[in-house]
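Just passing along the structure, written as structure tokens.
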2 protein chains.
Amino acid sequence: MQQGITIGNVSQASGVKVPTIRYYEQIGLLPSPPRTEGNRRSYDHEDLERLTFIRHSRELGFEINEIRTLLSLQDQPTVSCEDADAIASKHLADVKLKIASLTALQQELERMVEGCSHGHVETCKVIDILADHGKCRFHGE
Amino acid sequence: MQQGITIGNVSQASGVKVPTIRYYEQIGLLPSPPRTEGNRRSYDHEDLERLTFIRHSRELGFEINEIRTLLSLQDQPTVSCEDADAIASKHLADVKLKIASLTALQQELERMVEGCSHGHVETCKVIDILADHGKCRFHGE
DNA sequence: GTACATCCTCTAGTGACTAGAGGAGCAAGC
DNA sequence: GCTTGCTCCTCTAGTCACTAGAGGATGTAC
């Protein structure tokens, strides 16, 4: 006789906000749980694990559709994990690119801020660099 | 007798797409240019500079509202550049945080991908780490 | 004159939520 | 039993910075 977990409790336990949980149900990422007599959602331990999986994946920057694939893979333990590996590898490559781009950006911003004369806008390096792309060393993305 | 630049040309020159230029006009980031007899937008060199400023700022990750402030600062050259400096400094701090977070994430993803057995999902590190937050060393953001 | 490119306006869609309205259910204290 | 206050329900609309597409007008090259 296992009684269900309320959405509030599953939210606390998983770290996913209540409206977000309902949103995940709406888009089919989380199965619709049974309801109580009073029409409240009633979750079990498996739902909590699934939500934790989702939250963790989101934290790691995976998109909802990638998570959809990862979740369906998790449900089929005997399948080859090639797909999961591909998703993670692609994601890793993206992250590396982003770090490189942000590092270049950081240098440019530092140059801007350090160059700030703390005087008038006329002589401000911040505005100056933004206005004239030629003075900028950042050409990332 | 200076004749106006078409939206297509100003788009090419600035690197901002045509619909985006119209969008910027709609939200009041770029002033509405005069129109030709045939109702086409007619830009001048100043508009091009402004657009370049916007594009560059967006590339550097500034938000539209920050750009609004930076642009209005640019228009008042005798004002103190404190505000511009504050915006850039805050942005720099954000970027540094993001780099730190992404670097932790990168390590975690590398651990996932390297640990992949290239076998079945059952023994796949990728799925394993996502499912069990305790096995993950990434607690960033 | 006829293709074809470019332009116009307008509405709606994207991703991943978040906010708010308006109402119902439930547990605790009096 | 009754009130208070919390959690829950559904639904719609808003966020950010664009992007896509419909349906039509204008401009230009041959």
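A quick note: this is a predicted structure, and the numbers were derived from the prediction, not measured. Note: hydrogens, waters and symmetry copies are ignored here, and every other heavy atom, side chains too, is used.
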* Taking atom C1' of D:dA17 as reference, at what distance in whole Å does atom CD1 of B:Ile21 sit? -> 15 Å

* Full working for side chain to side chain contact (heavy atoms under 4.5 Å, CB included) between A:Lys90 and A:Asp94 -> CA-CA 6 Å; A:Lys90 177 175 184 322; A:Asp94 287 352; 2.9 Å; yes

* Rounded to the nearest 0.5 Å, how far apart are CD of A:Glu114 and OG of B:Ser89? -> 10.0 Å

* So which nucleotide from D:dC18, C:dT18, D:dC9 ends up closest to the side chain of B:Ile64? -> D:dC18

* Could you check how far CZ of A:Phe62 sits from C1' of C:dA16, rounded to whole Å? => 17 Å

Return the polar atom pairs (N/O with N/O) between nucleotides 24-30 of chain D and the protein under 3.5 Å, or none.
residue	atom	partner	partner atom	Å
D:dT26	O2	B:Arg40	NH2	3.2

* **Salt-bridge present (B:Glu46, B:Arg50; N to O < 4.0 Å)** => no

* Structure fact -> The nucleotide from C:dA16, D:dT19, D:dA17 with an atom nearest the side chain of B:Glu63 is D:dA17

* Taking only the side-chain heavy atoms of A:Arg41 (C-beta and beyond), determine which of D:dC9, C:dT9, C:dC7 contains the nearest atom. => D:dC9

* Asked: If you measure from the Lys or Arg side-chain nitrogens to the Asp or Glu carboxylate oxygens, is any gap between A:Glu108 and A:Arg111 under 4.0 Å?
  -> yes

* Asked: Is the side chain of A:Ser101 donor-acceptor paired with the backbone N or O of A:Leu97 at a distance under 3.5 Å, no angle test?
  -> no

* To do: Please check the phosphate of D:dT19 (OP1 and OP2 only) for any side-chain N or O of B:Thr20 closer than 4.0 Å.
  => yes

* Rounded distance (nearest 0.5 Å) linking atom CZ of B:Phe53 with atom CG of B:Leu30 -> 12.5 Å

* Asked: Would you say the side chain of B:Leu130 lies within less than 4.5 Å of the side chain of B:Met112, judging by non-hydrogen atoms?
  -> yes

* **Nucleotide C:dC17, atom C1' - distance to CD of A:Glu59 in whole Å** => 16 Å

* To do: Give a yes or no on whether the backbone of B:Leu60 and the side-chain of B:His91 come within a donor-acceptor separation of less than 3.5 Å.
  => yes

* Return yes when atom CD of A:Gln76 has more than 12 non-hydrogen atoms of other residues, nucleotides or ligands closer than 6.0 Å, and no otherwise. => yes

* Choose from C:dC8, D:dC8, C:dA16 the nucleotide whose nearest atom is closest to any side-chain atom of A:Arg58. => C:dA16

* To do: Round to the nearest Å and state the distance from B:Ile67 atom CD1 to D:dC16 atom P.
  => 13 Å

* Structure fact -> Tested for side-chain contact (heavy atoms from CB on, under 4.5 Å) against B:Ile54, the lone hit among B:Leu71, B:Ile64, B:Val16 is B:Leu71

* To do: List in numerical order all residues of residues 22-30 of chain B for which some heavy atom is under 4.0 Å away from an atom belonging to DNA chain D.
  => B:Tyr23, B:Tyr24

* To do: Calculate, to the nearest 0.5 Å, the distance between atoms OG and CZ belonging to A:Ser11 and A:Arg55 respectively.
  => 10.5 Å

* To do: Would you jot down, in residue-number order, the residues of residues 88-95 of chain A having a non-hydrogen atom under 4.0 Å from DNA chain D?
  => none

* Ignoring backbone atoms, test whether B:Lys17 places a side-chain nitrogen or oxygen under 4.0 Å from the OP1 or OP2 oxygen of D:dT19. => yes

* Asked: Expressed in angstrom and rounded to an integer, what is the separation of A:Ile7 atom CD1 from C:dC26 atom P?
  -> 15 Å

